[in-house]
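First the structure, in the form of structure tokens, and then the observations on it.
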Amino acid sequence: MGSTPSLNETNSIIFFDGVCNLCSGAVKFILKRDRKHYFKFASLQSAIAKEYLGESGLNKSLETIVLFQNGKIFVKSDAALEVSRKMDFPWPLLYVFKIIPAFIRNWVYDFVSRNRYQWFGKSDECMLPTPEISKRFVG
């Protein structure tokens, strides 16, 4: 993968829509609850997203969160549930929702995704992270 940073089993990349207020809020939420710094972050609009997700075409779809973890790609509710597993307690308890069939979980996910700009808005400004948080962003 050329110039991409190496990942190991202790961290993964969460790709998110960089102009979506809901998505940016989710990133802030995860940052506060990921004290082990398991996750790195990059926008779906970034060059690193193209490099990691280019063949899948997911970097062009801003309709989903994408988790790149241990060489696997998770999207929609599967990505959200995988992320919850690595956050501080009590958030890993949400993984119990994995028992709900994916088509039901993703129907809810898609409903929120389709309406997120209307409900939460879009931002022309990027989040200005502190130097410490900046280290958690790639690309």
Side-chain angles (χ1 to χ4, degrees):
M1 287 192 184
S3 63
T4 42
S6 63
L7 292 174
N8 58 42
E9 62 219 28
T10 62
N11 59 34
S12 298
I13 300 177
I14 297 172
F15 295 99
F16 63 97
D17 180 354
V19 299
C20 169
N21 287 336
L22 175 62
C23 303
S24 295
V27 168
K28 291 174 188 175
F29 182 87
I30 295 165
L31 282 165
K32 289 181 183 176
R33 290 153 184 88
D34 177 29
R35 287 187 222 137
K36 294 179 183 172
H37 295 193
Y38 182 81
F39 297 110
K40 302 279 186 191
F41 300 88
S43 77
L44 283 163
Q45 295 92 339
S46 68
I48 196 166
K50 185 176 183 182
E51 192 165 341
Y52 273 90
L53 307 174
E55 290 181 24
S56 70
L58 288 169
N59 64 307
K60 293 181 177 109
S61 170
L62 301 179
E63 301 297 316
T64 184
I65 184 175
V66 180
L67 172 63
F68 182 88
Q69 179 174 265
N70 298 325
K72 290 178 157 182
I73 295 173
F74 299 90
V75 297
K76 298 186 180 187
S77 65
D78 284 331
L81 292 173
E82 288 295 326
V83 168
S84 75
R85 288 178 76 182
K86 300 294 183 183
M87 292 188 335
D88 299 333
F89 186 81
W91 301 106
L93 296 175
L94 291 174
Y95 197 73
V96 72
F97 289 108
K98 190 79 170 175
I99 65 170
I100 297 172
F103 77 93
I104 295 172
R105 287 185 279 118
N106 287 336
W107 181 86
V108 173
Y109 186 98
D110 289 340
F111 178 74
V112 172
S113 179
R114 277 190 308 273
N115 293 290
R116 72 189 189 279
Y117 293 144
Q118 181 181 358
W119 295 342
F120 301 97
K122 284 175 102 171
S123 176
D124 293 335
E125 300 173 12
C126 294
M127 176 176 74
L128 295 174
T130 64
E132 179 62 30
I133 291 175
S134 291
K135 295 176 190 173
R136 310 259 321 263
F137 286 79
V138 293

TODO: Could I get the full list of salt bridge (charged side-chain N to carboxylate O under 4.0 Å, His left out) partners for Arg33, not counting sequence neighbours?
DONE: none

TODO: Could you tell me whether Arg116 and Asp17 make a salt bridge, using a distance below 4.0 angstrom between a side-chain N and a carboxylate O?
DONE: yes

TODO: Sort and list the pairs that fulfil salt bridge (Lys or Arg N to Asp or Glu O under 4.0 Å) and have at least one residue in residues 94-103, not counting sequence neighbours.
DONE: Asp78-Lys98

- [ ] Specify whether Tyr52 and Phe15 have parallel, tilted or perpendicular ring planes, treating 30° as the upper limit for parallel and 60° as the lower limit for perpendicular.
- [x] tilted

Task: Ile48 versus Ala42, closest heavy-atom pair with distance - done: CG2-CB, 3.5 Å

TODO: Identify, with sequence neighbours excluded, every residue that meets side-chain contact (heavy atoms from CB on, under 4.5 Å) alongside Ile65.
DONE: Ile14, Ala79, Tyr109

Open item on the list: Side-chain heavy atoms nearer than 4.5 Å, only ILVMFWY residues, links allowed to pass through others: does that put Leu94 and Ile104 together?
Closed with: yes

Task: Results of side chain to side chain donor-acceptor pair (under 3.5 Å) for Asn21 - residues two or more places apart only - done: none

Open item on the list: Looking at every non-hydrogen atom in both residues, tell me the closest pair between Met87 and Phe29 and how far apart they are.
Closed with: CE-CE2, 3.8 Å

Open item on the list: If I take atom NZ from residue Lys32 and atom CZ from residue Arg35, how far apart are they, to the nearest 0.5 angstrom?
Closed with: 11.5 Å

- [ ] Please work out which of the three classes, parallel, tilted or perpendicular, describes the rings of Phe137 and Phe41, given edges at 30° and 60°.
- [x] tilted

Open item on the list: So which atom in Ala49 and which in Ser43 form the shortest heavy-atom distance, rounded to 0.1 Å?
Closed with: CB-O, 3.5 Å

Task: Residue list, ring pair (Phe, Tyr, Trp, His ring centres under 6.0 Å) with Phe120, at least two apart or on another chain - done: none

Task: ILVMFWY cluster, Leu67 and Leu22 together (side-chain gap under 4.5 Å) - done: no

- [ ] Assess the pair Trp119 and Phe111: is the distance between their ring centroids shorter than 6.0 Å?
- [x] yes

Task: ILVMFWY clustering at 4.5 Å (side-chain atoms), partners of Val108 - done: Trp107

Open item on the list: Using 0.5 Å steps for rounding, measure from the CG atom of Asp88 to the CD1 atom of Ile30.
Closed with: 12.0 Å

TODO: Kindly indicate, with the supporting measurements, whether the criterion side chain to side chain contact (heavy atoms under 4.5 Å, CB included) is fulfilled by Tyr95 and Glu82.
DONE: CA-CA 7 Å; Tyr95 197 73; Glu82 288 295 326; 3.2 Å; yes

- [ ] List for me each residue that meets side chain to side chain donor-acceptor pair (under 3.5 Å) alongside Ser77, sequence neighbours excluded, and say none if there are none.
- [x] Arg105, Asn106

Open item on the list: Taking transitive links into account, so neighbours of neighbours count too, which hydrophobic residues share a cluster with Phe89 at under 4.5 Å side-chain distance?
Closed with: Leu93

Task: Contacts of type side chain to side chain donor-acceptor pair (under 3.5 Å), residue Asn115, not counting sequence neighbours - done: none

- [ ] Please name all residues satisfying side chain to side chain donor-acceptor pair (under 3.5 Å) with Asp34, sequence neighbours left out, ordered by chain then number.
- [x] Arg136

TODO: Take atom CZ of Phe97 as the centre, draw a 6.0 Å sphere, and report whether it contains more than 12 heavy atoms from other residues, nucleotides or ligands.
DONE: no

Open item on the list: Tell me whether Val27 shares a hydrophobic cluster with Val112, the cluster being built from Ile, Leu, Val, Met, Phe, Trp, Tyr side chains joined at under 4.5 Å.
Closed with: no

Task: Side chain to side chain, Val83 and Phe39, heavy atoms closer than 4.5 Å - done: yes

Open item on the list: Give me the atom names and distance for the closest heavy-atom approach of Ser12 to Gln69.
Closed with: OG-CG, 3.2 Å

